[in-house]
Engineer: 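Here it is, the structure, as structure tokens.
Remember, predicted model here, so these are calculated numbers, not experimental data. We count residues from 1, following the sequence as given.
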Amino acid sequence: MAESQVAVAPVVTSKLSVKAPEFYPSGYNQNFVDSPFEDEYDGYLTLVEYVQDFLNHLAEQPGCFETEIEHFAETVNGWVAADETLQELVELVYQQATSVPNFSYMGARLCNYLSHHLTLSTQSGSFRQLLLQRCQTEYENRDEAARGDETAQKQFHAFVLFLAELYLNLEIKGTKGQVTRAEILQEGLRELLNVLFSNPVDNNLMCAVKLLKLTGSVLEDAWKEKGKNDMEEMIQRIENVVLDANCSRDVKHMLLKVVELRSSNWGRVHDTSPHTKATPENDPNYFMNEPTFYTSDGVPFTAADPDYQEKYQELLEREDFFPDDEENSVALSGPEDQYFHDLDNKMDPEIEEAYEQFCLESEQKRNQ
């Protein structure tokens, strides 16, 4: 008697891959996943290619700085062996920090790390010395750049803000182990502020506002330690610009906000009293802890601004945080609600028994 045969479905091999584009979020550089940062510099022909790839990676994924910077520095240490390559490295980092939007902070952090972890020091100097020399070259053209065309001013402003981030992030270790900031950068920022206010067009003044909001408190503290009154002079220059300069109304408003910020100790909030919660009514610095947003024109605003609600709503609409499209909306009620309601009404038997025992003991204690 012939044995019955069971039909076996053919095995289907999936063609899907975890590296398919569908599995990557929009804007993610898929090619970088396989970039050989964990395999030293295999596959890269030059230091320029390797460093530029890593800089682009940082620009796209700034959160990877802490986990990958040590390996990057070790690899660069093994590659940089001459004065020329060290200067190439400095130039690559400088260009990235002054040409890629929002990379100035990351660039300053990178410079600080490399200044402490690159072992090579050539005849021209160490990484930090070459970096400061590169900044000095740009600094010497400050007057011409502040009076230049829109492109020249844009490059100059990017340099100014990068220098501000360097001042805040570049750590200088003293002979006794104490950590300080670069004195030369402090003096440079003061002179750059003077240049910006001496050429009071809107773009220069907006750059000065950003610079003061970023470094104003640190600069004033440093100047006060030396017995200098430089910040008072800056505030006086701002007031003169507001009164005399032919700048736009919006820029004048931004300048006045800086004066107001400084009058509140740069937003450094102090407790009103040990038992009183800070509110907009009893603490003039209340809104200084609020986040800063930016309009489509790049103008910053916070919850303290009178037209905050209008600007914030415009921001939400621009970013499409809350789509109005019905097909994109999610129903908050439906047939499933009854299911979850039933789950809430059901209790595990063991928990139910313990709950009844708790109620019984509570009742007995009350009766006693």
Engineer: Would Y113 and F72 satisfy ring-ring contact (aromatic ring centres under 6.0 Å, His included), going step by step from the backbone distance to the final call?
Structural biologist: CA-CA 11 Å; Y113 190 92; F72 172 75; 9.0 Å; no

Engineer: Answer whether the closest heavy-atom distance between the side chains of F162 and Y105 falls below 4.5 Å.
Structural biologist: no

Engineer: Do V100 and L55 touch side chain to side chain, with heavy atoms closer than 4.5 Å?
Structural biologist: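 The answer is no; the side chains never approach within 4.5 Å.
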
Engineer: Decide yes or no on side-chain contact (heavy atoms from CB on, under 4.5 Å) for D83 and Q123, but give the supporting numbers first.
Structural biologist: CA-CA 7 Å; D83 182 36; Q123 292 182 350; 5.9 Å; no

Engineer: Is the charged tip of R109 near the ring of F65: under 6.0 Å from the six-membered ring centre and within 45° of its axis?
Structural biologist: yes

Engineer: Check the pair F103 / T98 against side-chain contact (heavy atoms from CB on, under 4.5 Å), numbers first and verdict last.
Structural biologist: CA-CA 7 Å; F103 196 78; T98 57; over 6 Å; no

Engineer: Salt bridge check, R268 against D221: does any charged N sit closer than 4.0 Å to a carboxylate O?
Structural biologist: yes

Engineer: Less than 3.5 Å apart, any donor N or O on the side chain of S198 or R237 sitting next to an acceptor on the other?
Structural biologist: yes

Engineer: Passes side-chain contact (heavy atoms from CB on, under 4.5 Å), L261 versus K213? Steps please.
Structural biologist: CA-CA 8 Å; L261 180 62; K213 290 183 69 175; 4.2 Å; yes

Engineer: Between K154 and E150, does any side-chain N to carboxylate O distance fall below 4.0 Å?
Structural biologist: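 Here K154 does not pair with E150 in a salt bridge, since their nearest N and O are not under 4.0 Å apart.
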
Engineer: Would you tell me whether R128 and N112 have side-chain atoms, one donor and one acceptor, within less than 3.5 Å of each other?
Structural biologist: no

Engineer: Determine whether more than 12 heavy atoms belonging to other residues, nucleotides or ligands lie under 6.0 Å from atom NZ of K228.
Structural biologist: yes

Engineer: Got V218 and W266 here, is their nearest side-chain heavy-atom distance under 4.5 Å?
Structural biologist: no

Engineer: So if I apply the side-chain contact (heavy atoms from CB on, under 4.5 Å) rule between E91 and each of Q95, E88, Q87, which one comes out positive?
Structural biologist: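 Among Q95, E88, Q87, the one that satisfies the side-chain contact (heavy atoms from CB on, under 4.5 Å) with E91 is Q95.
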
Engineer: Any side-chain to backbone donor/acceptor pair from E165 onto A108? Under 3.5 Å, distance only.
Structural biologist: no

Engineer: Compare all side-chain heavy atoms of F156 with those of L192 and state whether any distance is below 4.5 angstrom.
Structural biologist: yes

Engineer: Do the charged groups of R134 and E138 touch, with an N to O distance under 4.0 Å?
Structural biologist: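 Yes, charged N to carboxylate O under 4.0 Å.
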
Engineer: Taking side chain to side chain donor-acceptor pair (under 3.5 Å) as the definition, give me every residue that meets it alongside R181, ordered by chain and number, with sequence neighbours left out.
Structural biologist: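 R181: no side chain to side chain donor-acceptor pair (under 3.5 Å) contacts found.
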
Engineer: I'd like to check F197 versus N204 (side-chain heavy atoms, cut-off strictly below 4.5 Å). Are they in contact?
Structural biologist: no

Engineer: Under the criterion side-chain contact (heavy atoms from CB on, under 4.5 Å), I'd like the reasoning laid out for F127 against C111: C-alpha separation, chi angles, the key distance, then a yes or no.
Structural biologist: CA-CA 8 Å; F127 175 87; C111 289; 4.1 Å; yes

Engineer: Is the side chain of R190 donor-acceptor paired with the backbone N or O of E187 at a distance under 3.5 Å, no angle test?
Structural biologist: no

Engineer: For residues N246 and V201, determine if any side-chain heavy atom of one lies less than 4.5 Å from a side-chain heavy atom of the other.
Structural biologist: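 Answer no - side chains too far apart.
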
Engineer: Does a side chain donor of either E74 or H117 reach within less than 3.5 Å of an acceptor in the other side chain?
Structural biologist: no

